[in-house]
2 protein chains.
Amino acid sequence: MCGIVGYIGNRDSVNVLIDGLEKLEYRGYDSAGIAILNDNNNIEMKKYKGRLAILKENIKEVNIKGNLGIGHTRWATHGEPSDRNSHPHLNPSKTISVVHNGIIENFNQLREELQGKGYEFLSETDTEVIPHLIDYYYNGNLLDAIKKAIERLEGAFAIVVMSKEEPEKLIAVRKDSPLIIGVGEGENFIASDIPAVINYTRKIYLLENEEMAVLEKDNISIMDFKGNVIEKEIYNVTWDISQAEKGGYDHFMIKEIFEQPKALRDTISPRITKDGSIKLDNINITKEYIKNINKIYIVACGTAYHAGIVGKSLIEKYAKIPVLTDVASEFRYNNPFIDEKTLMIVVSQSGETADTLAALRLAKEKGARTLALCNVVGSSIAREADDVFYTWAGPEIAVASTKAYTTQVAAFIIIALYLGKLNENISDSEYNTILKEVIKLPEKVDYILNDIFKVKDIASNMMNQDDIFFIGRGIDYNVAMEGSLKLKEVSYIHSEAMAAGELKHGTLALIEEGTPVIALATQDNLYDKMISNIREVKARGGYIIAVSKEGNTSIEKSADKVIYIPDTMDDIIGILSIIPLQLISYYVALGKNCDVDKPRNLAKSVTVE
Amino acid sequence: MCGIVGYIGNRDSVNVLIDGLEKLEYRGYDSAGIAILNDNNNIEMKKYKGRLAILKENIKEVNIKGNLGIGHTRWATHGEPSDRNSHPHLNPSKTISVVHNGIIENFNQLREELQGKGYEFLSETDTEVIPHLIDYYYNGNLLDAIKKAIERLEGAFAIVVMSKEEPEKLIAVRKDSPLIIGVGEGENFIASDIPAVINYTRKIYLLENEEMAVLEKDNISIMDFKGNVIEKEIYNVTWDISQAEKGGYDHFMIKEIFEQPKALRDTISPRITKDGSIKLDNINITKEYIKNINKIYIVACGTAYHAGIVGKSLIEKYAKIPVLTDVASEFRYNNPFIDEKTLMIVVSQSGETADTLAALRLAKEKGARTLALCNVVGSSIAREADDVFYTWAGPEIAVASTKAYTTQVAAFIIIALYLGKLNENISDSEYNTILKEVIKLPEKVDYILNDIFKVKDIASNMMNQDDIFFIGRGIDYNVAMEGSLKLKEVSYIHSEAMAAGELKHGTLALIEEGTPVIALATQDNLYDKMISNIREVKARGGYIIAVSKEGNTSIEKSADKVIYIPDTMDDIIGILSIIPLQLISYYVALGKNCDVDKPRNLAKSVTVE
């Protein structure tokens, strides 16, 4: 979260920065700001609380010009969203300007120290210590001052610095928050993510952790924090910017929901050979290795974690290896059992999620083999993991993840079958049967998306609800968790998912006459138990919206409304049952006039802990 | 849930039944009813929706007399709470009367079958198929008819049957739902739980699963479902009924909160010898055994599950054995990895929780050693497990569990240290240091309970809230889950607990200006990370009520209110940090005029799935 962009060259930097920030707004939209070195060699800064549009509106009237500049779109952590707390931040004499993504954990201590030296602070942010520190250490050499300053910083930071004293350069530092360099001709770019620069260049340097870079118009030097020069290869971007645009849909979220058949096909097909077996190109897990491990960890955050818990069920069932799951922010502090007999699987759409990246590093440190499920090629997590399974979902822009989830679940189905085959815990016939069903999933998703009238109708009656519950058993419960998260994220309705059998141990007290309860009953082997749980809720007055397989019409005796999805095997039906829940979230949010693609308080690609 | 009582003897059975039902009302209070064989040898039945008090009020005016009767207090599962759906239920000719606790899973099919034979149904319950089935099979011998009927029943059931055709007996059947027999002189009793009969006799037969009994005035015969006679030993109750009464407090819940110092002392002290080491009387886990297992499962429901996840952290840390946790209703269907190298730990206050009992049985079947944490001596789970750790909390009557939780957590601390010592993964000095701190916990709880003014004040400002969030990291997060459940159960406020680092992956969207967020920041090693998370919430307008250790005053910079608890070690502080959360729940519920001890929709001792 927080998007950074910087430019040095001959163009009007304001346009380049605004254009870049537009592509990065998914990373935060609490405020936006730019700082330009103008033609009089002064730093001119404009920054406003709210969306980028407000900044754009405000700079229309003033004429800022300059060929060097930095920009920032903020997701607030320290200090409320406000003009004052917006980036860039300056040193007291306004000669140094800084944008920052991350959290400086020792900022309180640094702030007190700097105040003791007479520095005044204009904001409540952690960031403002950075220009002040650089100022404090500045002795005619900006790079040296920055090196000294970052030695003092604890936490995560991607920063870009410019100074009027050294107007021919931008200096960037990366620690635990992503940065990429766009390589131009007579100009260079720096940004948090590739889309910010793709309109200008397709040649990219991926900055690694604890690297810094000095960008000049005609030169880029990359070095470690000690100053040792690092040679890098250019990464050439092959995908098309149009994939990251809305193309006729009102919102990215609904566009991405409808892209799921294609995303699933792209993710599944290349992994299944003509003779019906699985082939994984970037994964070097051997039979010997898999027979020697004693457990798997799956660690992720948010939606990716929800895909991970489906993965747990599948791997445990097909490969018969115990799987422990944890959210990444908890994992590191839970004394995890990681050693060389552990396979660590991490899941992250962006491949930049800070907590997940930290978990991955911890696992590597402890000797585990690591496998990443990522959507963004070349992202930090993808690069640092031993093996990568890419979900080929294409760029996901909406903050609420949809196609990333279903492709992650598809990835887990394939991985579970692959591991089960490798360690000989799944029979050939079961393997073949499941794979045949997996191949049919994209068209079944298409089938659901072709008739969404009923789902829209159900959504239209849910807009005024304060509380909605999701219940299910087994994989239905896992999907319920994701359905509930989706609804929370975009509609701001307080929803909650419960294991259906666990409801009566407390949460049932919240069910009143008419409380909507979305009950997933898609698993054949749990259908009767689920009907009992639905009746328990019904007996308390709950209004039941059930999701079940076509043909299971007996559920109509217990439920108020039923959404039917096509039949498939219990284990893989999560990819179908989530679709109506995604649609409900979208249409409820739409009906409530929520900003669907940019929900309040959130940001995509969470690069702080 | 659902309480059953039956009487045969020379007393006025109405009084005995009502008295018994009063003690069983914790098991459900949607409706209550009795059926008496009156002096004209007719079955007279009274049953009403609502609390037992309504039944009592209604029978005041009518004069029912008889020496044989059955009674029931209901927690509705199939069919809404209503007079019609109340128990007892009758056969069409009103000669047979039945009370039932459990769920008949194939009731729909049986109902259709019986309707086909001309049977009319007056209720929507699953239970009504039972008297009709018995009627259908009745051919002059009630016992035979019942045997045939129960062969047809799937699911869980404790039932008691009386018939005017055979007025000298009561017949009881137990499958998966508890029943006990009170042995009198010239009279006998049957009930779901001991308190229902303790005023009349302290001699008890504990009916085992798939046993049935015929009670006459002067005789009790117990047999299996095939009719083979079973000899049983009398179990003598040693505890006092006064322990199960309110004694000056307004509610059982607050009484039980204040009983925690004693409950903790009673649970901890007998396990720690004078020389400062742990001695566990009923646990025969050997060094060799523990070195040979490769994992532990902890399975439970509701509050007991929340104690279990604290147990996971502690066992993993001290004994270095991987622990998998699951809620019991999910566990059985999740392909669990149970074999002879697994130690299965189940937790249940009542020892009768249906899902937990089923999980225990599954684990035994698969060859695991089983250890139960129970509060009720002689309960099904305690009897069936290989080892038992009793929490000596005394009878817990309030539906919302408090002292059971803290004593369960204390039990886990002791077990974790014990296992760690046994497999030599904890140093003597650490072991001794922690034990010394554990012994001090009861007095620290007392200290918190001695000054609850601030907590009451905070609660008084929370009554009108619709949504409240609890956040924490590590053990703080585990405690947050229990705090949130407590608040839901008794105040009906939709609260939710989140791992503090996970909030930004979606749920943060629900934070508005003034949304109360209870933030636990009691762990020294997570304190700084937690402060960052608190600031994230604060930046979104959240109103922060923090719980932290005395001395950690720097938290006041970030939180709106701070509740301080005494200092102790990070690992065991959950026993202290939960106390203010229990109190907040109680006082919020009190302020909202909720029925604190009997929250809507809930029941204690959940004996259905």
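Quick caveat, the model's predicted, so the values are computed rather than measured. Throughout, a chain's letter reflects where its sequence line sits, starting with A, and its residues are numbered from 1.
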Sort [X] into side chain, backbone, both or neither according to what part of it lies under 4.5 angstrom from a heavy atom of chain B.
{"X": "A:E105", "value": "side chain"}
{"X": "A:F107", "value": "side chain"}
{"X": "A:I493", "value": "backbone"}
{"X": "A:N525", "value": "neither"}
{"X": "A:L508", "value": "both"}
{"X": "A:Y477", "value": "side chain"}
{"X": "A:V323", "value": "backbone"}
{"X": "A:S495", "value": "backbone"}
{"X": "A:I475", "value": "neither"}

If we define contacts as heavy-atom pairs under 4.5 Å, which of [options] has the most with chain B?
{"options": "A:E536, A:E502, A:E80", "result": "A:E502"}
{"options": "A:I321, A:N106, A:V537", "result": "A:I321"}
{"options": "A:G155, A:C301, A:S554, A:A499", "result": "A:C301"}

Worksheet entry | Atom of B:W75, atom of A:K504 and distance for their closest heavy-atom approach |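 Looking at all heavy atoms of both residues, the shortest contact is CH2-CB, 3.7 Å.
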Worksheet entry | Taking every non-hydrogen atom, the tightest pair across B:K295 and A:P322 |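 Result for this residue pair: CE-CG, 4.1 Å.
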Inter-residue atom distance [X].[atom1] - [Y].[atom2], 0.5 Å rounding:
{"X": "A:L324", "Y": "B:L324", "atom1": "CG", "atom2": "CG", "result": "4.5 Å"}
{"X": "B:N601", "Y": "A:L503", "atom1": "CG", "atom2": "CG", "result": "9.0 Å"}
{"X": "A:E330", "Y": "B:L526", "atom1": "CD", "atom2": "CG", "result": "7.5 Å"}
{"X": "B:E124", "Y": "A:K538", "atom1": "CD", "atom2": "NZ", "result": "11.0 Å"}
{"X": "B:Y333", "Y": "A:Q523", "atom1": "OH", "atom2": "CD", "result": "12.5 Å"}

Discussion item. Check this for me, if you would: do A:D30 and B:R540 make a salt bridge, where the nitrogen-to-carboxylate-oxygen distance has to be below 4.0 angstrom?
Written reply: yes
Item to complete: Using a strict 4.0 Å threshold on nitrogen-to-oxygen distance, state whether A:E496 and B:K488 make a salt bridge.
Response: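 A salt bridge links A:E496 with B:K488.
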Worksheet item: Are any of the side-chain heavy atoms of A:R600 and B:E512 separated by less than 4.5 Å?
Response: yes
Practice prompt. With the side chain counted from C-beta on, respond yes when A:E316 and B:P336 share a heavy-atom pair under 4.5 Å apart, and no when they do not.
Written response: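 Counting from C-beta outward, A:E316 and B:P336 never come under 4.5 Å.
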Interchain contact, [X] with chain A, by part (heavy-atom threshold 4.5 Å):
{"X": "B:N108", "result": "side chain"}
{"X": "B:K486", "result": "neither"}
{"X": "B:L510", "result": "both"}
{"X": "B:I511", "result": "both"}
{"X": "B:D126", "result": "neither"}

Highest number of heavy-atom pairs under 4.5 Å with chain A: which of [options]?
{"options": "B:K557, B:K320, B:K312, B:K529", "result": "B:K529"}
{"options": "B:I531, B:V327, B:D528", "result": "B:V327"}
{"options": "B:A539, B:A509, B:G501", "result": "B:A509"}
{"options": "B:T507, B:D355, B:N334", "result": "B:T507"}
{"options": "B:P599, B:G79, B:S532", "result": "B:S532"}

Worksheet item: Stepwise, does the side chain to side chain contact (heavy atoms under 4.5 Å, CB included) test hold for A:H505 with B:Y305?
Response: CA-CA 10 Å; A:H505 294 283; B:Y305 175 71; over 6 Å; no
Item to complete: Any chance you could lay out the side chain to side chain contact (heavy atoms under 4.5 Å, CB included) test for B:R535 and A:I103, step after step, and finish with the verdict?
Response: CA-CA 11 Å; B:R535 284 177 173 260; A:I103 290 180; over 6 Å; no
